[in-house]
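Inspection log for the structure reproduced underneath, given as structure tokens.
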Amino acid sequence: MATDLQSASLFSSVATKAFLKRARSCARRMKKQNEDKKERHEKTPLTLRQVVCLSVVGGTNFLNGMMSGWTAVLPKLQDDTSRFTVTEDDVSWLVSLTFIMGFVISPLAGSMAEHVGPRRLLVVTMFPVAGFWLLQAYSPYLWLLYLGRALLASSSAVMYTVVQPLVAELCPPRIRGLASVLPELFGCVGLLLSYLLASLLSWDMATAVSAAPFLPLSLMILLVPESPYWLVRKKRIEAAERSLRLLLGRDGRVAEELEAIRSTTTHRQSQVRDQVRELRKAHNVIPVVLMLSVFVLRELGGKGPVFNYTVYMFRKAGVRLDAFYCTVFVGVARLASTCVSACTLDLVGRKPLLAATAAICAVSEGVAGAFLFLEVEGAAWVPLASVIVFVVGYGIGLGPIPWVYLGELLPTPVRSLGAALITFGYSITYFTINFVFLKVIASLGLGLTMLVFGTANLAIALIVVFFIPETKGRTLQDMEKAFIPQQVVRVKVGLLDEDKTSSESSVKEGKGKDENSELALLAAT
């Protein structure tokens, strides 16, 4: 009996040492592979074609900025009764159409992108945009104005769903932060341009001029190659190789990049029903739920009211400023802060910047809410300063970084479907918050409402700190493993490495057999 216990103890000791040795060896190999992969990506040159393609794809978000800023022409549209009469209810519906079409079109956009390809869908969506603007500008009937606005809102919803995943799949990891902020940056430029056009021109001329940027932009999208990830899912390997060669140039590591894409992309992910099946897996659904939570909480944090009801909030707080100065100042502050985000995101990282700016936005709204709730006299400047701090914090992190994560964090098997679901939830929340905002502050007061907004932004900071990983410098293939238990990853990598090692080195194989023989002998004893 004692001999059996001694043998079992010795066997367990030897087995434990062998397991720990293999685990350490596996960890070293994984670390070395990650370092080699990072070094390869850092040495990969950035081509002019990549810069142009990323700028063009990001530039499509110009539409969203101009759509949001176009509402500044509505007072002039109401004053002009030469064609038709626009009531207050019409103004509300014209503003809300963007959000309504968002949650109607977004679920369809993900399916269409997977069926025809994200780049091709973007081409089809952007080509008629200039015509939609002209339809609004020269419409002789109110219902045609509604139609033009609805069509633009539909194009905007498709663009929201497609652009960020496409940017993530077209650019290298070392500049993905900058590239993913480009859409937000172009959106800020479009917002500011719409404000300026609304102040300088009549409503119809401002609307007609808004069509001009989309004529060349629609043609330039033809220069963008299709997503190599989508092409691999469709078993079009040669087309994926051509797409990578156009992006990476002659000196690019096309074969290595194609092999990396094929390692995480299969034909079974090419249909929506396949992506629904993949979404049932925990490591795929967790990042989708986390990003949906961030987007919904961001809207509950008052982003829409701060930008859409800026003048009203200033006046409610006792700040008397000209409406034009308010809108332009907010637009300039947001554009400048988004430029700061684009320059620092690949240096600082996504996670700390998002957590910090969410906390800053929470504090700024909390301070404003407390002063308004307590009705502190002589402190009318506090809400103004708080809104400015909120706009800057939003522009640096809370605005662009969730869209960056949308392209980076969603796994390849569910990227199209996940982006569609998140955009759908975001649009519904955005519409609801803006629709009920005036009624809420009428019942709760602006101060208490701001405190609720601050609580939602604080929740974002906590979610980011505890649950969302850093994606700076990591490939999309690396992010596939972010929510898979590390034990599973190590076992899979260890088995693959073991197979490779056994086929390459007969000496190590012999040594392994000796160890197995020793263990078998001890067991027999």
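Since the structure is predicted, the reported quantities are computational estimates derived from the model, not experimental observations.
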- Task: Please lay out, stage by stage, how Tyr229 and Arg233 fare under the test side-chain contact (heavy atoms from CB on, under 4.5 Å).
- Result: CA-CA 6 Å; Tyr229 286 79; Arg233 285 198 297 272; 4.1 Å; yes
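- Considering all non-hydrogen atoms of both residues, Pro128 and Thr125 come closest at CD-O, 3.3 Å.
- At a threshold of 4.0 Å, the pair Arg334-Glu184 counts as salt-bridged, since one of the basic side-chain nitrogens sits closer than that to a carboxylate oxygen.
- From Thr161, atom OG1 reaches atom CD1 of Ile105 across 9.5 Å, with rounding to the nearest 0.5 Å.
- Geometrically, Lys303 engages Tyr430 in a cation-pi contact, judged by NZ or CZ lying under 6.0 Å from the ring centre and within 45° of the ring axis.
- Rounding to the nearest 0.5 Å gives a distance of 7.0 Å between CG of Leu54 and CG of Leu182.
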- For side-chain contact (heavy atoms from CB on, under 4.5 Å), just list the numbers for Leu217 and Met126, CA-CA rounded to whole Å, side-chain angles, deciding distance to a tenth of an Å, and then say yes or no. CA-CA 8 Å; Leu217 184 61; Met126 294 301 297; 4.1 Å; yes
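- In this structure the side chain of Val288 never reaches within 4.5 angstrom of the side chain of Asn284, judged on heavy atoms.
- Tyr405 places a side-chain heavy atom less than 4.5 Å from the side chain of Lys351.
- Separation of atoms CG (Leu458) and SG (Cys361) is listed at 11.5 Å; rounding is to 0.5 Å.
- Gly418 and Leu410 get closest at one heavy-atom pair: C-CD1, 3.8 Å.
- Checking Thr471 against Glu408 by side-chain atom types alone, a donor-acceptor pair falls below 3.5 Å.
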- Message: Pair Trp70, Trp133 - check side-chain contact (heavy atoms from CB on, under 4.5 Å), show working.
- Response: CA-CA 11 Å; Trp70 181 82; Trp133 281 109; 3.6 Å; yes
- Would you please test Glu114 and Trp230 for side-chain contact (heavy atoms from CB on, under 4.5 Å) and show each step? CA-CA 7 Å; Glu114 199 57 46; Trp230 180 81; 3.6 Å; yes
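- For the atom pair CD1 (Ile221) and CG (Leu122), the distance works out to 4.5 Å, reported to the nearest 0.5 Å.
- When side chains are defined from C-beta on, Val464 does not count as touching Ile401, because their heavy atoms never get closer than 4.5 Å.
- Exactly one of Glu257, Glu169, Gln50 qualifies for a side chain to side chain contact (heavy atoms under 4.5 Å, CB included) with Leu247. That residue is Gln50.
- Interatomic distance, Glu226 CD to Leu231 CG, rounded to the nearest 0.5 Å: 5.5 Å.
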